[in-house]
Participant: 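Before we start, here is the structure in question, set down as structure tokens.
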Amino acid sequence: MRGAIDQFKSKLKSGVIILSSVNQKGKVTFTIGVTDDLTSKIEAKSIAEIISSALDGNGGGKGNFAQAGGSDSKKIPAALDSIRELLSQV
């Protein structure tokens with residue numbers, strides 16, 4: 001998913017990109033990208049920490065790219081709500 005994040009970042013020029021997937025076993029993965037001009041306001045790793053907390057999983061990364069995941073796809077709505085809350089404050 002990193003390649004997709006990089007493509008979106010180059011097309012958007014400025015923004016936050018969050019992609020997610022769920023595999024056949026129910027494992028949830030979020031991949032987060034933040035364009036360099038926004039990392040002083042919001043970092044991808046901060047978003048990953050909030051997502052991983054909502055999913056009772058783990059995550060991490062850097063200011064412009066991070067990943068988070070968990071094993072319970074039923075917690076995705078809570079993770080999305082957490083992201084919306086965080087981004088509404090930026």
Side-chain angles (χ1 to χ4, degrees):
M1 281 199 278
R2 177 157 193 150
I5 291 286
D6 289 341
Q7 287 179 3
F8 280 115
K9 284 168 61 174
S10 69
K11 288 181 181 181
L12 285 176
K13 306 296 182 202
S14 182
V16 175
I17 302 100
I18 301 171
L19 303 176
S20 67
S21 66
V22 180
N23 72 14
Q24 293 176 346
K25 295 181 181 181
K27 182 177 179 191
V28 181
T29 302
F30 279 82
T31 305
I32 304 104
V34 176
T35 55
D36 290 335
D37 66 309
L38 296 178
T39 57
S40 64
K41 297 178 182 179
I42 184 76
E43 291 190 331
K45 67 181 177 180
S46 298
I47 298 170
E49 290 168 1
I50 288 175
I51 292 170
S52 64
S53 177
L55 295 174
D56 294 327
N58 55 35
K62 298 180 180 182
N64 64 356
F65 181 82
Q67 294 181 307
S71 58
D72 188 352
S73 62
K74 293 177 185 169
K75 295 183 179 180
I76 292 173
L80 294 175
D81 288 343
S82 298
I83 296 165
R84 282 186 200 98
E85 177 67 27
L86 175 69
L87 294 178
S88 71
Q89 298 173 11
V90 176

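Residue numbers count from 1 along this sequence.
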Participant: Can L12 be reached from F65 by stepping across I, L, V, M, F, W or Y side chains whose heavy atoms are under 4.5 Å apart?
Facilitator: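 Yes, because F65 and L12 connect within a single hydrophobic cluster, where side-chain heavy atoms sit under 4.5 Å apart.
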Participant: Return yes when atom NZ of K45 has more than 12 non-hydrogen atoms of other residues, nucleotides or ligands closer than 6.0 Å, and no otherwise.
Facilitator: no
Participant: Rounded to the nearest 0.5 Å, how far does CD1 of I51 lie from NZ of K75?
Facilitator: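 Result: 14.5 Å between the selected atoms.
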Participant: So which atom in V90 and which in K41 form the shortest heavy-atom distance, rounded to 0.1 Å?
Facilitator: CG1-CB, 4.0 Å
Participant: Indicate yes or no for a side-chain donor-acceptor contact from S52 to the backbone of A48 under 3.5 Å, with no hydrogens or angles considered.
Facilitator: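 The answer is yes, because a donor-acceptor pair under 3.5 Å joins these two groups.
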Participant: Kindly give the heavy-atom pair with the smallest separation between Q7 and S10, and that separation in Å.
Facilitator: O-OG, 2.9 Å
Participant: Of the non-hydrogen atoms in A54 and A79, which two are nearest, and what is the gap between them?
Facilitator: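 Result for this residue pair: CB-CA, 3.5 Å.
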Participant: Test side chain to side chain contact (heavy atoms under 4.5 Å, CB included) on V22 and I76; report intermediate values, then the result.
Facilitator: CA-CA 10 Å; V22 180; I76 292 173; 3.6 Å; yes
Participant: Using atom types as modelled and distance alone, determine if a side-chain donor or acceptor of S53 lies under 3.5 Å from a backbone N or O of E49.
Facilitator: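 No, the answer is negative, given that no donor and acceptor are paired below the 3.5 Å cut-off.
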Participant: Should T29 and M1 be marked as a side chain to side chain contact (heavy atoms under 4.5 Å, CB included) after you check the CA-CA gap, both sets of side-chain angles, and the distance that decides it?
Facilitator: CA-CA 10 Å; T29 302; M1 281 199 278; 4.0 Å; yes
Participant: Looking at CG of D72 and CG of D56, how far apart are the two atoms once the value is rounded to the nearest 0.5 Å?
Facilitator: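 Result: 8.0 Å between the selected atoms.
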Participant: Within this structure, what is the CG-NZ distance for the pair D37 and K13, rounded to the nearest 0.5 Å?
Facilitator: 11.0 Å
Participant: Decide whether V16 and L86 are clustered together by the hydrophobic rule: side chain heavy atoms of Ile, Leu, Val, Met, Phe, Trp, Tyr closer than 4.5 Å, transitively.
Facilitator: yes
Participant: Honestly curious: do L55 and I83 fall in one hydrophobic cluster under the side-chain, below-4.5 Å linking rule?
Facilitator: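 Looking at the clustering, I83 is in the same group as L55.
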Participant: For I5 versus I32, what's the shortest heavy-atom pair and its separation?
Facilitator: CD1-C, 4.2 Å
Participant: Please check if I50 and V34 belong to a single hydrophobic cluster, counting links between Ile, Leu, Val, Met, Phe, Trp and Tyr side chain heavy atoms closer than 4.5 Å.
Facilitator: yes
Participant: Quiz question: by atom type and distance under 3.5 Å, do the side chains of N64 and T39 form a donor-acceptor pair?
Facilitator: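 No.
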Participant: Taking the side chain as every heavy atom from C-beta outward, state whether F30 and L80 have any atom pair closer than 4.5 Å.
Facilitator: yes
Participant: Enter the distance from T31:OG1 to I17:CD1 here, rounded to the nearest 0.5 Å.
Facilitator: 11.5 Å
Participant: Go through the steps to decide whether S14 and L38 satisfy the test side chain to side chain contact (heavy atoms under 4.5 Å, CB included), and finish with yes or no.
Facilitator: CA-CA 7 Å; S14 182; L38 296 178; 3.9 Å; yes
